[in-house]
Amino acid sequence: TRSFHVTGVQTCALPISTKIDHLCTTACSNFPNDTELKFFYAQALRLLGRWDESLSILDSLQLDKLPPIYTFTRADVIGETDSLKAIEIYENLESKNIKFSPLNFYNLSLHYLRCRNFTKGWQLFEYGLDKDIGLYGRKLPYNFANTSRVENGNFDPNKWVMICSEQGIGDQLTFLSALPDALKEFK
């Protein structure tokens with residue numbers, strides 16, 4: 001029996017990607033018919049930005065005979081470079097009455113937003129706040145958890161703005177670069 005699991009890949013640092021790659025490659029060569037293991041490897045490659053390799057593994061599986069999570073993952077891998085194609089896959093699954101999880105709806109929202117379909121994208125974006133998504137989604141609730149200024153009432157609601165990070169570091173830096181101008185304008 002195999003005693004191998006890929007866990008916590010989404011939080012791994014890029015310098016250990018070669019270790020993950022080696023571990024997964026070794027495991028897959030030891031268990032070449034293990035579909036779940038190949039799926040984990042494809043997920044790891046996706047999270048490491050190696051989308052072509054991830055897609056190659058997913059395409060080698062018989063997705064029509066597997067649970068929908070495999071096809072959702074394939075759509076998201078494709079969506080890393082072509083959100084229109086990802087949306088087609090999601091809409092195809094929806095037309096077959098496949099049950100969507102909050103994470104599926106959230107990922108679909110990101111694809112819609114990338115394609116500038118703001119009506120559908122923003123409507124689904126709130127799924128990113130669902131507790132079942134955890135760190136994959138929007139982190140806003142976690143950022144509000146320790147807002148002592150609000151809890152103890154030590155603020156003037158007419159002069160108060162809460163700034164919290166819920167996006168990636170690039171977005172945070174971009175938005176924070178506007179902070180000095182906002183402070184000057186609204187002092």
Side-chain angles (χ1 to χ4, degrees), residues 1-12 14 16-17 20-140 166-168 171:
T1 62
R2 69 177 163 92
S3 59
F4 174 82
H5 252 9
V6 177
T7 58
V9 175
Q10 67 276 9
T11 59
C12 75
L14 225 41
I16 63 168
S17 66
I20 292 171
D21 188 31
H22 176 72
L23 181 65
C24 290
T25 303
T26 302
C28 285
S29 65
N30 289 333
F31 304 98
N33 298 319
D34 191 319
T35 300
E36 186 179 359
L37 187 58
K38 289 179 184 179
F39 180 65
F40 288 143
Y41 188 24
Q43 288 179 311
L45 290 170
R46 174 188 176 212
L47 295 167
L48 295 169
R50 293 166 55 188
W51 305 311
D52 289 340
E53 294 170 75
S54 176
L55 190 57
S56 176
I57 291 171
L58 290 169
D59 285 344
S60 74
L61 306 174
Q62 294 179 342
L63 296 181
D64 57 324
K65 296 179 181 177
L66 298 170
I69 184 65
Y70 290 80
T71 303
F72 282 121
T73 300
R74 183 177 181 274
D76 292 330
V77 171
I78 290 170
E80 296 289 354
T81 57
D82 189 344
S83 280
L84 284 173
K85 283 186 183 175
I87 290 169
E88 283 179 31
I89 295 169
Y90 269 93
E91 289 177 347
N92 183 41
L93 289 168
E94 192 173 34
S95 74
K96 295 177 181 178
N97 294 319
I98 301 294
K99 186 176 189 301
F100 281 41
S101 72
L103 179 60
N104 301 139
F105 282 123
Y106 176 65
N107 286 344
L108 179 56
S109 81
L110 298 177
H111 296 304
Y112 279 131
L113 291 171
R114 287 180 191 140
C115 293
R116 306 212 185 308
N117 186 337
F118 299 118
T119 302
K120 288 184 177 181
W122 288 126
Q123 181 182 12
L124 297 175
F125 192 66
E126 295 306 309
Y127 280 97
L129 297 172
D130 191 281
K131 65 178 177 55
D132 293 334
I133 293 178
L135 295 178
Y136 285 109
R138 298 170 60 204
K139 298 164 188 66
L140 200 56
E166 70 155 314
Q167 300 296 319
D171 289 335

> Should the pair Phe100 and Phe105 be assigned to parallel (<30°), tilted (30 to 60°) or perpendicular (>60°) ring geometry?
Replying inline: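 Geometry flag for Phe105 against Phe100: tilted rings.
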> Is the Phe118 ring parallel, tilted or perpendicular to the Trp122 ring (thresholds 30°, 60°)?
Replying inline: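 Answer is parallel, since the angle falls under 30°.
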>> If the condition is salt bridge (charged side-chain N to carboxylate O under 4.0 Å, His left out), which residues does Glu88 pass it with, not counting sequence neighbours?
In response: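 So Glu88 forms no salt bridge (charged side-chain N to carboxylate O under 4.0 Å, His left out) with any residue.
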>> Holding to salt bridge (charged side-chain N to carboxylate O under 4.0 Å, His left out), I want the full list of residues that pass it with Glu91, two or more places apart in sequence or in another chain.
In response: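 Only Lys120 meet the salt bridge (charged side-chain N to carboxylate O under 4.0 Å, His left out) criterion with Glu91.
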Donor-acceptor side-chain pairing of [X] and [Y] below 3.5 angstrom:
{"X": "Asn117", "Y": "His111", "result": "no"}
{"X": "Thr119", "Y": "Tyr112", "result": "no"}
{"X": "Asp76", "Y": "Thr73", "result": "no"}

For the atom pair [atom1] ([X]) and [atom2] ([Y]), what is the distance rounded to the nearest 0.5 Å?
{"X": "Ser29", "Y": "Leu37", "atom1": "OG", "atom2": "CG", "answer": "9.5 Å"}
{"X": "Leu108", "Y": "Ile89", "atom1": "CG", "atom2": "CD1", "answer": "11.5 Å"}
{"X": "Leu63", "Y": "Phe72", "atom1": "CG", "atom2": "CZ", "answer": "12.0 Å"}
{"X": "Phe39", "Y": "Leu61", "atom1": "CZ", "atom2": "CG", "answer": "9.0 Å"}
{"X": "Leu113", "Y": "Cys115", "atom1": "CG", "atom2": "SG", "answer": "9.5 Å"}

Quick one: does any side-chain atom of [X] pair with a main-chain N or O of [Y] as donor and acceptor, under 3.5 Å?
{"X": "Ser83", "Y": "Ala86", "result": "no"}
{"X": "Thr26", "Y": "His22", "result": "yes"}
{"X": "Lys38", "Y": "Pro32", "result": "yes"}

Check [X] against [Y] and note the closest heavy-atom contact, atom names and distance.
{"X": "Gly128", "Y": "Tyr106", "answer": "CA-CD1, 3.2 Å"}
{"X": "Pro102", "Y": "Tyr127", "answer": "O-CB, 3.5 Å"}
{"X": "Ile78", "Y": "Lys85", "answer": "CG2-CB, 3.6 Å"}

> Does anything in residues 55-75 pair up under salt bridge (charged side-chain N to carboxylate O under 4.0 Å, His left out), and if so which pairs, sequence neighbours excluded?
Replying inline: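 Pairs touching residues 55-75 that pass the test: Asp59-Arg74.
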> Can you find a heavy atom in the side chain of Arg50 that is under 4.5 Å from one in the side chain of Asp21?
Replying inline: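 When only atoms from C-beta onward are counted, Asp21 and Arg50 do touch, with a gap below 4.5 Å.
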